[in-house]
Visitor: 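Supplied in structure tokens, the structure appears directly below.
All residue numbers in this chain count up from 1 along the given sequence. In listed order, ligands and their atoms are each counted from 1.
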Amino acid sequence: MHTHAIILAAGKGTRMKSEKPKVLHEICGKSMLSYVIDNVKDAGIERIAVITGYKSDEVIKSVEDSTINTFIQSEQLGTGHAVMQAAEFIDDNSYVIILCGDAPLVGADTINKLCSYTYDNKKEAVVLSARLDNPYGYGRIVRNSKNEFERIVEQKDATEEEKRITEINSGVYCFLGKALKLALNNLTNNNKQNEYYLTDTIEYLLSGGYNIGVIEEDNCDIIKAVNDRCQLAELDKFMRKKINEKWMLSGVSMLDPDTTYIANDAVFEEDITLYPGVIIEKGSRIGKGCVITSGSIIKNSEIGKNCYIQNSVITDSVVGNNVKIGPYAHLRPKSRLSDNVKIGNFVEIKNSSFGENSKSSHLTYIGDAEIGENVNLGCGVVFVNYDGKNKYLTIVEDDCFVGCNVNLVAPVRVKKGAYIAAGSTITDDVEEYSLAIARSRQVNKENWVKNK
Ligand code: UD1
Ligand code: CA
């Protein structure tokens with residue numbers, strides 16, 4: 001059966017108290033809208049429209065998919081009004097699934113179940129419902145004395161008795177195109193919020209003798225929508241648990257899964273151990289055998305096999321195999337570490353590469369540098385890369401030894417095998433296999449203290 005989907009995403013999300021459009025808030029590192037789009041695609045639906053309004057450009061940009069049609073609802077006059085903006089997208093004789101951009105967990109199985117039920121029973125509209133212990137905020141499914149579906153009443157319009165109904169409208173529907181269009185053309189905004197409610201289409205179609213249905217989703221967690229940040233946290237927790245379970249079953253040990261935060265798109269190999277409080281953000285890949293300890297945050301970075309990362313922050317970087325990092329190291333964007341590198345405590349690296357077997361064990365700043373293989377950087381080395389205006393490159397070739405407390409004032413090159421004496425400030429290139437000392441000589445004044 002030919003089906004298309006309309007996703008409602010025009011609202012600001014006032015209750016989020018945020019500049020950011022609600023549907024762009026993230027659950028485990030992925031926007032709610034992206035989840036809904038992916039769920040629809042997973043259900044095999046190819047024709048998709050998204051209704052945008054509040055910060056429309058931002059929402060459209062986030063979608064980054066030319067196959068998706070977007071329609072703008074410039075004033076947010078309600079969910080029914082939102083669907084009207086896509087009237088030309090709706091085929092009379094096709095079915096259309098409507099979903100809300102703030103309900104990211106409604107998966108492909110549920111979407112398919114709703115569609116099949118609609119086609120198989122030749123319905124013109126079917127609503128997906130669920131029973132919630134706390135139905136507050138949702139539209140309620142009102143049934144007559146024969147338990148037949150009658151209409152949907154919004155929280156704000158409900159009587160005290162209706163508010164006690166625990167069967168709620170999930171906000172997911174399947175309509176036959178022409179029935180939907182007819183009902184939309186007859187919507188009014190005669191309610192507490194003066195909005196054109198999509199939910200009112202049901203009552204209209206029922207009164208016109210159309211064949212309308214409701215099916216209940218048993219897993220009431222997956223239909224939950226996000227209206228405020230408490231609900232965002234609740235869904236985040238739900239999704240986090242799912243993601244963590246998936247990776248534990250694939251060979252990742254988590255000492256405390258409740259405090260392990262893994263982005264939706266992060267990828268892990270086997271035999272990895274994550275300590276409590278580890279955060280793996282989006283765009284990250286972690287290699288086999290890695291151990292990552294508490295407080296580490298890894299974002300958009302690739303980590304090789306058998307690395308040991310202690311309490312460190314790594315962003316937009318690439319790390320080879322058998323690398324040790326931390327405790328308390330900071331790899332800023334474009335750090336590239338080859339195999340067997342060691343980065344110790346309080347080392348900060350930015351836009352720099354380290355060749356194999358090189359080390360910087362303590363208290364060092366490395367910015368805009370190319371470091372060769374088997375290089376040792378002593379404690380307290382500073383790559384002086386910035387003159388207040390521009391940044392410059394430092395090159396330290398293979399097999400060099402840079403003593404403690406050395407300043408390398410860029411641009412400068414330390415050639416292969418050179419040694420630099422501790423405490424030197426290097427402003428000129430150092431030739432291969434030579435020793436550079438750049439500090440004033442020590443003078444000892446005998447008995448100076450007694451005589452002063
Ligand atoms: C809506 C339903 C309610 C249901 C609930 C499920 C209506 C009238 N009510 O209520 O029955 O239980 O969803 O979560 O439909 N939107 C627009 N344009 C608008 C208004 C909303 O695009 O003018 C979008 C929002 O961006 C959001 C979605 O529609 O993604 C739902 O809007 P929201 O205001 O959150 O509706 P609810 O009050 O939650
Ligand atoms: Ca909502």
Side-chain angles (χ1 to χ4, degrees), residues 5-16 18 20-25 31-37 49-56 58-60 62 70-86 98-106 125 127-132 134-142 149 151-158 162-163 165-173 175 180 183-184 187-204 214 216-217 220-232 234-235:
I6 298 178
I7 301 170
L8 307 184
K12 175 174 193 285
T14 314
R15 290 164 279 179
M16 297 297 283
S18 174
K20 184 156 61 173
K22 175 167 72 176
V23 294
L24 297 190
H25 280 266
S31 78
M32 293 198 277
L33 179 58
S34 301
Y35 277 101
V36 180
I37 291 173
V50 177
I51 315 294
T52 63
Y54 176 74
K55 296 206 173 164
S56 172
E58 223 177 288
V59 176
I60 291 171
S62 82
T70 51
F71 294 90
I72 296 181
Q73 181 195 25
S74 31
E75 256 189 301
Q76 283 77 63
L77 302 179
T79 48
H81 181 259
V83 178
M84 286 179 206
Q85 311 311 307
I98 298 178
L99 306 104
C100 296
D102 64 355
L105 306 181
V106 180
V127 178
L128 183 72
S129 76
R131 279 177 207 279
L132 296 184
N134 175 13
Y136 179 84
Y138 289 90
R140 309 294 207 282
I141 303 291
V142 181
F149 182 28
R151 61 194 168 89
I152 298 169
V153 63
E154 291 305 297
Q155 172 80 31
K156 288 191 176 136
D157 303 293
E162 286 166 342
K163 281 180 190 156
I165 300 173
T166 55
E167 189 183 9
I168 58 99
N169 166 27
S170 68
V172 185
Y173 323 79
F175 285 94
L180 174 62
L184 289 174
L187 272 190
T188 63
N189 62 352
N190 185 15
N191 51 54
K192 282 266 164 59
Q193 307 188 81
N194 291 117
E195 285 185 1
Y196 294 90
Y197 291 163
L198 177 61
T199 45
D200 286 348
T201 56
I202 298 299
E203 200 178 354
Y204 176 83
V214 52
E216 191 181 322
E217 170 58 53
C220 60
D221 284 319
I222 64 153
I223 58 85
K224 287 183 179 164
V226 170
N227 296 310
D228 59 37
R229 296 191 197 230
C230 297
Q231 292 167 329
L232 184 72
E234 189 187 334
L235 265 58

Visitor: Any ion pair linking E234 and K224 (charged N to carboxylate O, less than 4.0 Å)?
Guide: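 Salt bridge present between K224 and E234.
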Visitor: Relative to the Ca ion (ligand 2), how many protein N, O or S atoms have a separation of less than 3.0 Å?
Guide: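 Atoms of protein N, O or S type lying less than 3.0 Å from the Ca ion (ligand 2) total 2.
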Visitor: Is there side-chain contact between L24 and M32, with heavy atoms separated by less than 4.5 Å?
Guide: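 A side-chain contact is absent here, since even the closest heavy-atom pair is not under 4.5 Å.
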Visitor: Give every pair made of an N or O atom of ligand 1 and a protein N or O atom lying under 3.5 Å apart, one pair per line with both atom names and the distance to 0.1 Å, or write 'none'.
Guide:
unit_1   : atom_1 : unit_2 : atom_2 : d
ligand 1 : 9 (N)  : E154   : OE1    : 2.9
ligand 1 : 9 (N)  : E154   : OE2    : 3.1
ligand 1 : 11 (O) : G139   : N      : 3.4
ligand 1 : 11 (O) : E154   : OE1    : 3.4
ligand 1 : 11 (O) : E154   : OE2    : 2.7
ligand 1 : 11 (O) : N169   : ND2    : 2.9
ligand 1 : 12 (O) : G139   : N      : 2.8
ligand 1 : 12 (O) : N169   : O      : 2.6
ligand 1 : 15 (O) : T79    : OG1    : 2.6
ligand 1 : 18 (N) : Q73    : OE1    : 2.7
ligand 1 : 22 (O) : A10    : N      : 2.9
ligand 1 : 23 (O) : Q73    : OE1    : 3.3
ligand 1 : 23 (O) : Q73    : NE2    : 3.1
ligand 1 : 23 (O) : L77    : N      : 3.4
ligand 1 : 23 (O) : G78    : N      : 2.8
ligand 1 : 23 (O) : G78    : O      : 3.1
ligand 1 : 26 (O) : A10    : N      : 3.4
ligand 1 : 26 (O) : G11    : N      : 2.9
ligand 1 : 30 (O) : L8     : O      : 2.9
ligand 1 : 30 (O) : G101   : N      : 3.4
ligand 1 : 35 (O) : K22    : NZ     : 3.3
ligand 1 : 35 (O) : D102   : OD2    : 3.1
ligand 1 : 35 (O) : N227   : OD1    : 3.4

Visitor: Given 3.5 Å as the limit, does a donor-acceptor pair link the side chain of Q85 with the main chain of A82, or not?
Guide: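 No; judged by distance alone, with no hydrogens or angles, the pair does not exist.
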Visitor: Taking the side chain as C-beta and beyond, is there a heavy-atom pair between L187 and M84 under 4.5 Å?
Guide: yes
Visitor: Using 0.5 Å steps for rounding, measure from the CG atom of L33 to the CD1 atom of I60.
Guide: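 So the CG of L33 and the CD1 of I60 are separated by 10.5 Å.
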Visitor: Would a 4.5 Å heavy-atom cut-off, applied to side chains only, mark T14 and N227 as touching?
Guide: no
Visitor: Would a 4.5 Å heavy-atom cut-off, applied to side chains only, mark L132 and T166 as touching?
Guide: no
Visitor: Distance from E154 atom CD to E195 atom CD, nearest 0.5 Å?
Guide: 8.5 Å
Visitor: Between the main-chain N or O of A183 and the side-chain N or O of T201, is there a donor-acceptor pair closer than 3.5 Å?
Guide: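 No, T201 side chain to A183 backbone: no donor-acceptor pair under 3.5 Å.
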